[in-house]
Each structure stands twice: as structure tokens, then as C-alpha cells.
Amino acid sequence: MIFNSNKEKFEDVLTKYFSFENKTKSLDPLFDVFHSIKRQDLKTVNQFFKENDEVRKNFSLYLKDLFADKPFNLSLTEANILSENAFFPELKKRTLDKILPPVGNEDSVWYLVDYISVRPERDLKYFQNNRAEDIDELFRLLEISHFIARESVKKELLFAANILAWRAIGVALDAEVLNMVPEYKNYHNPFLALQDEMDLLIAEYREDPAYQLTSKNQHFKQIRIYLTQCLEFVDKAFRNSGKYGITGKINQSLLKIRQQINRISDIIDLLVIDNDSDYLEKSKKLVFNILYYKSHKNNISELFNDSTRQMSHLITNHTAETGTHYITSTIKEYMKMFWKASGGGVIVGALCILKMLYGYADGSEFSHAFMYAFNYAMGFIMIYLMGFTLATKQPAMTASTMAKVLSDEKNTSKNYREFAHLISKLFRSQFVAFVGNVLLAFPVALAVIYGLDVLFNQNFAADKSTVLLRDLDPFSSKALLHASIAGFFLFISGIISGNVGNNSVYYQIPARIEKNPLIKGILGQKAARGISRYYSKNWAGIVSNFWFGVFLGVTGPIGKFLGLDLDIRHITFAAGNFAIGLYGKEFNVDSYTFWISLITVFLIGFFNFLVSFGLSMALAFRSRKITFGGVREILKEIRRYFFQNPLRFFFPIRSSELDLRAKEMVEKVSTKSEGH
């Protein structure tokens with residue numbers, strides 16, 4: 001039918017099927033009429049019905065017979081509501097339903113809409129693009145303006161609302177969900193109260209089928225109160241996720257409850273009639289609601305957006321708290337960052353030599369991948385545990401801090417200037433960390449390779465120097481692409497850190513360690529408490545650095561195995577490799593090679609920073625629903641502030657008022673536990 005839909009004029013189609021009283025139950029006439037009408041505006045269609053009263057009456061009778069006794073509760077209880085309590089099963093279901101639509105009950109409105117509306121989203125837009133007056137007139141001409149007043153329709157609406165209420169109760173009373181809102185354990189549960197009120201309303205309709213709900217009705221007011229309380233329950237659970245952590249399953253469950261409560265609200269609103277004009281409005285709303293729900297029932301992008309936003313929020317929430325430690329304010333903090341970065345540079349300088357030596361080892365690409373990954377991972381963990389800094393690890397953390405500050409502050413020009421000052425503090429912190437890493441990685445790598453030469457009387461860098469220096473030429477290698485790949489892995493490592501932190505909170509791992517009877521029995525209470533604190537403080541960082549090392553180590557060998565030019569470039573390692581390359585050539589290189597390599601080292605750092613910070617900012621903005629339209633104004637203010645105070649982006653020049661305000665912003669991030 002998609003490819004062979006009727007191309008006849010709608011007047012001819014209507015006349016062909018409804019110039020007589022058509023008693024058929026077939027959906028084909030409606031399909032042909034609907035798709036022929038879509039090629040016209042409703043004003044023209046209405047005019048035809050006015051001029052052809054017999055056709056109008058016959059078509060109206062056909063519609064009444066066709067929809068008579070057809071249940072439509074599935075369109076309200078299933079369409080565009082999560083059916084699974086986990087992301088991947090829901091994704092699998094929606095994908096399958098998109099490719100191979102399920103076979104439903106043919107005697108239902110669900111099936112009818114699927115049959116008639118091949119593309120419900122586009123069909124809904126057709127009605128939305130027509131004037132409201134023309135739609136109203138069409139409903140009157142077809143005698144469906146009081147469709148909502150039918151007893152069978154009211155029964156279907158109440159039945160659907162009741163099903164949704166029971167389902168919401170079942171999910172809300174799950175032990176894992178209730179653990180997210182301990183505040184409600186000692187109070188009257190709003191979901192149970194909602195169901196009680198729904199039972200009373202249904203009883204009213206059973207006793208009196210002509211019973212009419214109004215906005216002043218006590219049942220309606222009570223149901224509204226309980227619906228609001230149920231949504232507050234969900235919002236409270238999301239807010240508490242910063243305190244208790246959250247899992248994908250609970251996230252999906254809370255989203256499902258919210259969808260069900262909102263759907264009940266939509267249904268109850270349809271039953272409320274205050275005056276005669278409401279019959280038409282509510283009849284229209286029911287039809288268009290069903291079309292809207294059906295048009296979004298297999299929407300995969302909405303599933304991704306809804307399912308991942310809260311998890312990304314929690315992840316960035318934990319990384320934001322870590323990121324506050326990477327922003328320097330005073331000269332003392334600035335120099336402390338330099339020395340911490342210098343310590344990281346010393347370790348990376350040694351790692352560069354080790355990687356070079358591993359490259360000489362015989363073995364498969366798999367063995368080299370293992371050695372490189374081990375080298376990177378152990379080195380990064382050492383840097384982390386010794387309290388040193390790897391400059392490029394900071395952007396993924398500080399981006400979340402920036403987004404969290406923005407989401408907490410009001411959008412005013414004054415706040416934008418304060419935020420620009422905070423960015424200057426962040427930038428100079430990154431700058432001094434880069435300087436510390438590079439200034440120490442270069443001489444340490446040079447000193448170690450020289451020491452090996454003296455000790456073993458062999459220049460180990462000679463065979464590798466040509467490749468190392470060529471890799472630092474952006475015109476003869478993909479150095480900047482590889483730097484971007486490293487930036488992507490920095491972003492991923494930030495996500496891992498936040499996820500581990502979230503899981504640690506949710507599963508109460510530190511508390512379990514502290515109270516574990518075996519650990520207390522063997523090591524004692526004091527040791528158990530110490531292990532608990534150490535785990536809480538360091539485990540997320542250890543796991544994050546481990547995986548970052550693995551990613552960097554395996555990329556090159558995997559690229560070779562697949563025949564792809566994949567590799568990584570990191571500013572600190574690039575500085576160390578520059579030193580090794582120069583020593584391997586016995587410092588006998590032309591000026592082009594020297595200067596292009598030196599410049600590329602800093603370009604690599606820029607792309608490391610740009611990609612990791614940009615991706616982290618995008619994720620953090622998305623998790624906090626910050627629009628990029630608002631970011632444009634902030635960027636303008638940052639640019640203006642830079643040209644007014646360029647040195648503040650590189651050195652800790654004080655500004656009493658702005659420093660105080662920036663400190664307040666950061667302290668709010670580090671102390672405030674927020675949720676959805």
C-alpha cells in the first residue's frame with residue numbers, strides 16, 4: 001500500500017466509496033480516502049462535504065460503524081511508554097518493531113491506526129499544519145465533535161488510566177526504587193492514594209454512566225494532587241541519585257513511572273468537561289494524542305535521550321566534584337600545580353623510554369599491545385597515587401565543573417563575566433600543567449636514554465629516531481588525528497571515572513568494606529575504616545587511569561592488525577619522544593625538523609585538550625539541559641575578557657572581587673549534591 005496508494009482526487013475517492021451507504025468493515029476505503037485527502041487542505045475538503053451532503057452522511061456512518069466497540073486502551077497504555085526496565089532490551093524491541101512491525105489485534109484502534117497511518121508522525125503534521133477552525137469544522141461535519149461523550153469511550157479512558165495506575169504502583173513499590181526515596185517510607189504513599197481515588201472515580205461511573213467529571217469535581221482535584229505528588233516522588237528519587245547513586249535499571253524504572261503518571265494526567269484531562277465547547281476540544285485532543293503516541297512509539301533517539309541523560313548527569317556530577325581540584329586561584333596553588341605536573345612529567349619521561357624498549361621485543365601485535373598497555377596503565381596509576389598530575393586528564397573533569405557552575409548560576413551578563421574569569425583560572429591551570437609535564441618529560445627522557453647509552457655503550461634510540469621525528473610532523477603523519485584519538489580516550493576515561501564513582505556510591509562499597517566482619521576480624525576496625533576511605537578516595541581514579549592506559553596502549557597495535565593508520569599522540573609523551581628522536585639522530589637534524597617537531601608537540605597538546613574538553617562539555621551540557629544557544633553569549637564574554645586581560649589566562653594575576661566570586665562558584669560545586 002505504501003507504493004501503490006491511490007493517486008485519485010479525494011472527491012473521486014469519496015464519491016466512489018460513499019455515494020451510497022457503505023456497510024463494509026474493510027479499512028481500504030478509509031486508507032484511500034485519508035491518503036487522498038492529505039494532498040489537499042482541510043478547507044477544500046470541508047467545502048466538498050458541504051456541497052455533497054449524501055457522501056458526508058455515508059462517510060460519517062462508515063466511521064461510526066468502523067470505530068464502534070473497537071478498544072483503544074492499548075494506544076494509551078503502551079504507545080510511547082517504556083515497556084522494558086532496562087535500556088538494551090527496550091532498544092532491541094524498538095529496533096525490531098521499526099524493521100518488522102508487530103502483528104496486533106485487528107479488531108482494535110491500535111491496528112487501525114497502524115494500517116491507515118503508515119507514517120503517523122508525518123500524518124500528524126498534516127493536521128497540525130491546518131487551521132484549528134478547519135479541523136473543528138471537519139469534526140462537526142463528520143459528527144464526531146462529541147466523540148468523547150460516548151459511554152464506551154469513557155470506559156476505555158478509565159480502563160486505560162486504571163491499568164497505568166496499577167503499573168506505576170508496581171514499579172514505584174519496588175525495593176530498589178523505594179531505596180532512592182527513603183523520605184517516603186514513613187509517609188502515605190501517593191501511588192496507593194492515587195489508586196484509591198481512581199477506584200472511587202470508576203465506581204461513580206459504574207453507578208451512573210452519565211456521570212460527568214468537571215474541573216471543580218472533588219475526585220478530579222484529589223487525583224490532580226496525587227498525580228503531582230507521584231511526580232514529586234520521581235523527581236525526589238532523581239535528586240537523591242547524587243547522594244545514593246543510581247543504576248540503569250532504576251533510571252529506566254523512574255522514567256517509566258514518570259511516563260505513566262503523565263499519561264494518566266492526559267487521560268483524566270480528557271474526561272473533564274466544563275462547558276459544551278470542551279466536547280469538541282477533548283474529542284480532537286483524544287484523536288491527536290493517539291496519533292502522537294503512536295508516532296513516537298518506536299522513537300529510538302528519544303529513548304537514547306531519556307535513558308542516558310540522567311546517567312550522564314550522575315557521571316558528570318561525580319567528575320565535576322573531582323574537577324574542582326584542578327582549578328588554581330593563588331600563586332601558591334599555581335606553583336603547586338606546576339610541581340605536581342613536573343612529577344608527572346618525570347614519570348612519563350621514563351615511560352617513553354620503556355615503550356621504546358618494548359618496541360624492540362620480538363612478539364606478535366597482541367604481545368606488544370599488552371606491554372604498551374601495561375606500561376601506560378601502571379605509569380598513569382603511579383602518577384595518580386603519588387599525587388602528581390597528567391595535564392590532559394584535567395579537561396574531562398573540569399568541563400563537568402564548568403557545566404555544573406553554569407547550570408547553578410543565573411544567565412546574566414555579570415555572571416557571564418564571573419564565569420569568564422573562572423575559565424581564565426581553568427585555562428592557566430591547564431597551561432601550567434602542560435608546561436610542567438613538557439619541561440620535565442623532555443630532559444628526563446633525554447637523561448635516561450643518555451644513561452642507557454653510557455651504561456650499555458649503545459644508542460638505543462638510533463633505530464627509532466626517524467619514525468619518532470616523522471610522527472611529530474603533521475604534514476607527513478596523522479599526528480593531529482592521533483592527538484584527537486587520544487583526546488577521545490581522555491573523554492572516555494572521564495566517563496569511566498564518573499561511572500565508577502556513581503556505582504561506588506549506589507552499592508555503598510566504602511561502607512561495606514568498613515563494616516565487613518572478615519576485614520574487621522583480621523585487620524581490625526581502624527584498618528577497615530582506612531581501607532574504606534582509601535577506596536572511596538582513590539578507586540575511581542585508579543580504574544580510570546588503568547583503562548586510559550589500556551586504550552592508549554592497544555590502539556597502535558590494533559590499528560596495525562586491522563591495516564588502519566590508528567595510533568595516539570599525547571603532549572607529554574610527544575615531548576619525551578622528541579627528546580629520544582633528537583638523541584637518536586645525535587642532535588644532527590635540520591632546522592625544519594626541529595621546529596616543526598617542537599611546534600607539533602604543543603599542537604598535540606591543544607588537540608588533546610580541545611577534543612577531551614569539548615566532548616566532556618557537550619556531555620555535561622546535555623546532562624544539565626544547557627542549550628548551546630546560551631553558550632554563544634558566554635563564549636563572546638570569554639573572548640572579550642581574554643582581550644581585556646590576556647595575562648590572566650596564563651599567570652595567577654589576582655582580582656579580589658572576581659576571585660572571591662569564582663571561589664564561591666567552585667565551592668558550591670564541591671559541596672552541593674544535586675540530582676536531576
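Just the heavy atoms: all of them, side chains too, but no hydrogens, waters or symmetry mates, feed the values below. Values in this document were obtained by computation on a predicted structure and should not be read as measured data.
- Interatomic distance, Phe491 CZ to Ile496 CD1, rounded to the nearest 0.5 Å: 10.5 Å.
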**Asked** Which is it for Phe10 and Val33 under the side chain to side chain contact (heavy atoms under 4.5 Å, CB included) test, yes or no, and what are the steps along the way?
**Response** CA-CA 6 Å; Phe10 81 93; Val33 169; over 6 Å; no

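- Residues Asp28 and Tyr115 have side chains that bring a donor and an acceptor to within less than 3.5 angstrom of each other.
- Using a 30° and 60° split on the angle between ring planes, Tyr62 and Phe59 fall in the parallel class, below 30°.
- Using a cut-off of 4.0 Å between Lys/Arg side-chain N and Asp/Glu carboxylate O, Lys57 and Glu143 are scored as not salt-bridged.
- Counting heavy atoms from C-beta outward, Ser253 and Asp174 have side chains that stay 4.5 Å or more apart.
- A distance of 9.0 Å separates CD1 in Ile273 from CG in Leu213, rounded to the nearest 0.5 Å.
- With hydrogens and angles left out, the side-chain atoms of Glu90 and Ser83 include a donor and acceptor closer than 3.5 Å.
- Checking side-chain atoms of Ser19 against main-chain N and O of Lys16 turns up no donor-acceptor pair under 3.5 Å.
- The closest side-chain donor-acceptor pair between Glu156 and Asn73 falls under 3.5 angstrom.
- Among all heavy-atom pairs drawn from Lys154 and Ile148, the shortest one is CG-O, 3.9 Å.
- The CG atom of Leu291 sits 13.5 Å away from atom NZ of Lys125, with the distance rounded to the nearest 0.5 Å.
- In this structure, the side chain of Asp278 engages the main chain of Asn275 through a donor-acceptor pair within 3.5 Å.
- The closest side-chain heavy-atom distance from Arg131 to Glu137 is not below 4.5 Å.
- The closest donor-acceptor contact from the side chain of Asn58 to the backbone of Glu54 lies under 3.5 Å.
- A donor-acceptor pair is defined here as one N or O able to donate and one able to accept, closer than 3.5 Å; no such pair exists between the side chain of Thr44 and the backbone of Gln40.
- A donor-acceptor distance shorter than 3.5 angstrom exists from the side chain of Gln259 to the backbone of Leu82, with no hydrogens or angles considered.
- Cation-pi geometry between Arg263 and Tyr293 is met: the NZ or CZ atom falls under 6.0 Å from the ring centre, inside 45° of the normal.
- Of the charged side-chain nitrogens involved, none lies within less than 4.0 Å of a carboxylate oxygen, so that Glu133 and Lys43 do not count as a salt-bridged pair.
- Residues Arg224 and Ser265 bring a donor and an acceptor atom of their side chains to less than 3.5 Å of each other.
- Within the 3.5 Å criterion, the main-chain N or O of Asp12 finds no donor-acceptor partner in the side chain of Thr15.
- Within the 4.5 Å cutoff, the side chain of Leu30 has heavy atoms near those of the Leu63 side chain.
- Residues meeting the salt bridge (Lys or Arg N to Asp or Glu O under 4.0 Å) test with Lys25, sequence neighbours left out: none.
- Side-chain atoms of Tyr184 and Asn189 form no donor-acceptor pair, as typed in the model, at a separation below 3.5 Å.
- One distance of note links CG of Asn80 with OG1 of Thr77; it measures 12.5 Å at 0.5 Å rounding.
- Of all the heavy atoms in Lys282 and Val272, the pair that sits closest is NZ-O, 2.6 Å.
- Panel note: side chain Asn240, backbone Met180; a donor-acceptor pair is recorded below 3.5 Å.
- Residue Lys70 places its NZ atom among more than 12 non-hydrogen atoms of other residues, nucleotides or ligands, all under 6.0 Å distant.
- Contact annotation: the side chain of Phe67 approaches that of Leu112 to within less than 4.5 Å [non-hydrogen atoms, C-beta and beyond].
- Between Ile81 and Gln260, the shortest heavy-atom contact is CG2-CG, 4.1 Å.
- The main-chain N or O of Asn130 is never found under 3.5 Å from a side-chain atom of Asp134 such that the two would form a donor-acceptor pair.
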**Message:** Please evaluate residues Asp266 and Leu270 with respect to the criterion side chain to side chain contact (heavy atoms under 4.5 Å, CB included), reporting the C-alpha separation (whole Å), side-chain torsions for both, the decisive distance (0.1 Å), and the verdict.
**Reply:** CA-CA 7 Å; Asp266 290 346; Leu270 291 172; 5.8 Å; no

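- For Lys284, the salt bridge (Lys or Arg N to Asp or Glu O under 4.0 Å) partners two or more places apart in sequence, or in a different chain, are Asp136, Glu281.
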**Asked** Leu173 and Leu192: side chain to side chain contact (heavy atoms under 4.5 Å, CB included), yes or no, with the steps?
**Response** CA-CA 9 Å; Leu173 294 183; Leu192 297 175; 4.2 Å; yes

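- Residues Leu231 and Tyr226 form no side-chain contact, since every pair of their non-hydrogen atoms from C-beta on lies 4.5 Å or further apart.
- For the pair Ile290 and Ser75, the tightest heavy-atom approach, listed with the atom from each and the gap, is CG2-CB, 3.8 Å.
- Take Lys38 and apply the salt bridge (Lys or Arg N to Asp or Glu O under 4.0 Å) test, not counting sequence neighbours, and it matches Asp123.
- Lys93 NZ to Leu91 CG: the interatomic distance, rounded to the nearest 0.5 Å, is 11.5 Å.
- The CD1 atom of Ile261 sits 12.0 Å away from atom CD of Glu232, with the distance rounded to the nearest 0.5 Å.
- Under the 4.5 Å side-chain criterion, counting only non-hydrogen atoms from C-beta, Val171 is not in contact with Arg167.
- Scored by the side-chain hydrogen bond (donor to acceptor under 3.5 Å, both in side chains) test, Tyr211 finds Asn217 as partners (sequence neighbours excluded).
- Shown here for Leu27 and Ile116, the closest heavy-atom pair between the two residues is O-CD1, 3.6 Å.
- Aromatic rings of Phe127 and Phe288 (six-membered ring for Trp) have centroids within the 6.0 Å cut-off, being under it.
- Minimum heavy-atom separation, Leu194 to Leu227: CD2-CD2, 3.9 Å.
- The ring-ring contact (aromatic ring centres under 6.0 Å, His included) contacts involving residues 128-150 comprise His146-Tyr279, where partners must be two or more places apart or lie in separate chains.
- Take Ser215 and apply the side-chain hydrogen bond (donor to acceptor under 3.5 Å, both in side chains) test, not counting sequence neighbours, and it matches Asp274.
- Looking only at side-chain heavy atoms (C-beta outward), Leu286 and Phe72 come within less than 4.5 Å of each other.
- Phe18 is not listed as a side-chain neighbour of Val13, based on a closest heavy-atom distance of 4.5 Å or more.
- Judged purely by distance below 3.5 Å, without hydrogens or angles, the side chains of Thr24 and Asn22 never pair a donor atom with an acceptor atom.
- No hydrogens or angles considered: a donor-acceptor pair under 3.5 Å links the side chains of Gln195 and Asn162.
- Checking side-chain atoms of Asn502 against main-chain N and O of Ile246 turns up a donor-acceptor pair under 3.5 Å.
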**Request:** Quick one: do Phe220 and Leu201 satisfy side chain to side chain contact (heavy atoms under 4.5 Å, CB included)? Show the steps, please.
**Result:** CA-CA 9 Å; Phe220 173 73; Leu201 179 61; over 6 Å; no

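- Judged by distance alone, the side chain of Ser145 and the main-chain N or O of Arg140 form no donor-acceptor pair under 3.5 Å.
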